[in-house]
Amino acid sequence: MRLHARGVDVNATYMGQSAVFLAAESGHAGTIQVLHELGANINTCVAYGGSPVYTAAMNGHVECIRVLVALGANVNKCTTVGGHSPIAI
């Protein structure tokens, strides 16, 4: 949280992926919660169309999905280039 206090953008991306997306991909539900509290967008789509909910589902991170949905994530917000959504997984 100290970085945020210094003005770090919680919605910044690295290679098109946000911190929330990377936390969901890696199974870090607690990090998702903290990022949300700091103002991070939980519905950001990456270049190929995936969302944090989508990547959590693809990687079997059920707790991340629960946290994202509880925080109001739109499970159908971003579909992949192939037309897939988290519901299809």
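Other members of the cluster containing Tyr14 are Met15, with ILVMFWY side chains joined at under 4.5 Å, either directly or via other members.
Remark: Val62 engages Arg66 in a side chain to side chain contact (heavy atoms under 4.5 Å, CB included) (not counting sequence neighbours). A search for side-chain hydrogen bond (donor to acceptor under 3.5 Å, both in side chains) contacts involving Thr55 returns Asn59, not counting sequence neighbours.
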Cut-off 3.5 Å, no hydrogens considered: what does the side-chain donor-acceptor table look like for residues 20-34, sequence neighbours left out?
{"unit_1": "Ser26", "atom_1": "OG", "unit_2": "Leu22", "atom_2": "O", "d": "3.1"}
{"unit_1": "Gln33", "atom_1": "NE2", "unit_2": "Glu37", "atom_2": "OE2", "d": "3.1"}

Output a table of donor-acceptor pairs, distance under 3.5 Å, between side-chain atoms of residues 38-46 and any protein atom two or more places apart or on a different chain; print 'none' if there are none.
{"unit_1": "Asn41", "atom_1": "OD1", "unit_2": "Asn43", "atom_2": "N", "d": "2.7"}
{"unit_1": "Asn41", "atom_1": "ND2", "unit_2": "Thr44", "atom_2": "OG1", "d": "3.4"}
{"unit_1": "Asn43", "atom_1": "OD1", "unit_2": "Asn74", "atom_2": "N", "d": "2.8"}
{"unit_1": "Thr44", "atom_1": "OG1", "unit_2": "Asn41", "atom_2": "O", "d": "3.4"}

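Sorted pairs that involve residues 27-36 and meet salt bridge (charged side-chain N to carboxylate O under 4.0 Å, His left out), not counting sequence neighbours, are lacking altogether. Residues in residues 42-59 take part in no salt bridge (charged side-chain N to carboxylate O under 4.0 Å, His left out) pair, two or more places apart or across chains.
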